[in-house]
Every structure is written in structure tokens, then in C-alpha cells.
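Comments concern the structure below.
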Amino acid sequence: MGGHYRLTAEPGPGRLPAWAGLAGAASAALALLLPVGAPRPADAGAVPGGEPTPAASAAPAYSPPVTLTVPGHVGSLPIDPVAGAEDGTLAVPASPFRLGWWAFGARPGAAHGTLLLAGHLDSAEEGPGPFEALHSLPIGAHAHVAAADGTRHTYRIVARRTYESGTLPGDLFSAEGSPRLVLVTCTGDFDPDARVYAENLVVYGVPV
């Protein structure tokens, strides 16, 4: 999987400065399997707001996510907490069968912020990954995120958007704003020399 996921927002509390992307050292080592590109899905639904909201004075210590499941579409995938690599990219696990959770964003069940989970579309060693299903994931599907404390949090998929590589909205990386889930992978044309896709696919969910 390729494509850069970069913040466009200014730094703020609980966030790193304006860098962060997907591809980086892990994905740069992958020879991706879809040189003709991944079909670009049509935008759908209304994107839930990521506008700032007042932070709670004593926020509960929510547990980090450990698995994601979307019944009928994505089987149970383990989740690793990730931050930024030295080259300014998000250090997503190399395997398309593991997801990276932006650890400076929200945790499952939090009253504010975006729970961002990103995964590679495919790899040379393992072939297409489960996040290929995001290209056809129907609006209204339910995604379940299990947390380390044993709780399970359900989100209803409400929107899908495609962004040019490197132009993801900065609020996707924020611990502020309305609570929501975003699932991120790649789509569009594939550049075999740069080993990146031209676009990023983002699927949005809201708590049920």
C-alpha cells in the first residue's frame, strides 16, 4: 500500500506538529500487487463532523483498541498503536493483516475525537489485504472495535470519501471534535516507481 497521509491542521493539544503520513519505511519496502490501480469508489453519505468541542476537565482513561471486525466484510484484525516515523510518515504495520491506530487520536468509547485505523491495501508477500473490502463497504454496515479492557464499541458506517494522496483532512488525526471512527487505506492509480497509490480512501463511522 502507498499514499501519504499528512495532517493539514496546525499543532494542538494532544497532537504532534503537522506531519504524519502513511507509506514510509514499511510500505516503501513493499512491491504492491495492483499495478493497474484499485477502482476508485464513489463518495457516499454525509461525513460526521470533526469540529472542535470542549474537552472534559477529567477525561476517563479509555483503553486502546486491540481488534477491528466488520461482520460480513472484514474479519477480526489486530491493531497496533502507531505514531510518526522519522521521515514524517505514519508507521503502519507492514502486513495488510494488521492495522495501525493513530495513538495521538481518540480511543474507543471516548466522548471526543477521531479513532483512526489505517491499513495497507496489499503486499507482495501476502497479497490483497482485508481492507480491500473498504472499497465496497456499504453505508449502514456496523464496525466493532474491541478495547484492551474487554469492552466492545460499535460504529455505524455513514460516509465514504476519496482524497488525493497527501491531502487528508487534518481533523482525522485529532483527539478533539465529535466522536467518530475512520478507516483509511489506498485507492486509485498505482505508481510502480514510487510504489504509491494516487488516492486515499476514508470510511467514516459514528458510535451506535
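When all heavy atoms of I157 and A143 are compared, the pair lying nearest together is CD1-CB, 4.4 Å. Residues V82 and P93 come closest through the heavy atom pair CG1-CD, 4.1 Å.
By the side chain to side chain contact (heavy atoms under 4.5 Å, CB included) test, V47 pairs with A159, R161, R180, Y204, sequence neighbours left out. Residues passing the side-chain hydrogen bond (donor to acceptor under 3.5 Å, both in side chains) test with T151, sequence neighbours excluded: D149, H153. Residues satisfying the side-chain hydrogen bond (donor to acceptor under 3.5 Å, both in side chains) test with R98, not counting sequence neighbours, are D80. Y155 pairs by the side-chain hydrogen bond (donor to acceptor under 3.5 Å, both in side chains) definition with nothing, not counting sequence neighbours. The side chain to side chain contact (heavy atoms under 4.5 Å, CB included) search around R152 returns H144, not counting sequence neighbours. Qualifying side-chain hydrogen bond (donor to acceptor under 3.5 Å, both in side chains) partners for T162, counting only residues two or more places apart in sequence or in other chains: none.
The CG atom of L183 sits 8.5 Å away from atom CG of L116, with the distance rounded to the nearest 0.5 Å. Once rounded to the nearest 0.5 Å, the distance linking CG of D189 with OG of S165 reads 12.0 Å. Distance OH/Y163 to OG1/T187: 13.5 Å, rounded to 0.5 Å. Once rounded to the nearest 0.5 Å, the distance linking OG of S95 with NE2 of H120 reads 8.5 Å.
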For this session: Tell me, with the steps shown, if L117 and L181 meet side-chain contact (heavy atoms from CB on, under 4.5 Å).
Result: CA-CA 8 Å; L117 304 177; L181 169 73; 4.0 Å; yes
Exercise. Given H112 and E176, is the side-chain contact (heavy atoms from CB on, under 4.5 Å) satisfied, shown in steps?
Worked result: CA-CA 5 Å; H112 306 290; E176 302 173 352; 5.7 Å; no
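For residues 134-143, the set of pairs meeting the salt bridge (charged side-chain N to carboxylate O under 4.0 Å, His left out) definition, not counting sequence neighbours, is empty.
Counting heavy atoms from C-beta on, the side chains of S178 and P48 never come closer than 4.5 Å. Taking the side chain as every heavy atom from C-beta outward, H142 and V208 approach each other to under 4.5 Å. When side chains are defined from C-beta on, V184 does not count as touching L201, because their heavy atoms never get closer than 4.5 Å. Proximity of P96 to F131: side-chain heavy atoms (C-beta onward) are nowhere separated by under 4.5 Å. Counting only heavy atoms from C-beta outward, the side chains of L115 and W101 approach each other to under 4.5 Å.
With T185 contributing its side chain and G119 its backbone, the two residues share a donor-acceptor pair below 3.5 Å. Formation of a donor-acceptor pair under 3.5 Å by the D171 side chain with backbone atoms of S174 is not found in this model. In this structure a side-chain-to-backbone donor-acceptor pair under 3.5 Å is missing from R156 to I139.
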May I have the list of side-chain donor-acceptor pairs in residues 64-74 shorter than 3.5 Å, sequence neighbours left out?
none

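Hydrophobic clustering, with ILVMFWY side chains joined whenever heavy atoms are under 4.5 angstrom apart, keeps L121 apart from F97.
Between W102 and F173, the two ring planes are perpendicular [angle over 60°; tilted spans 30° to 60°].
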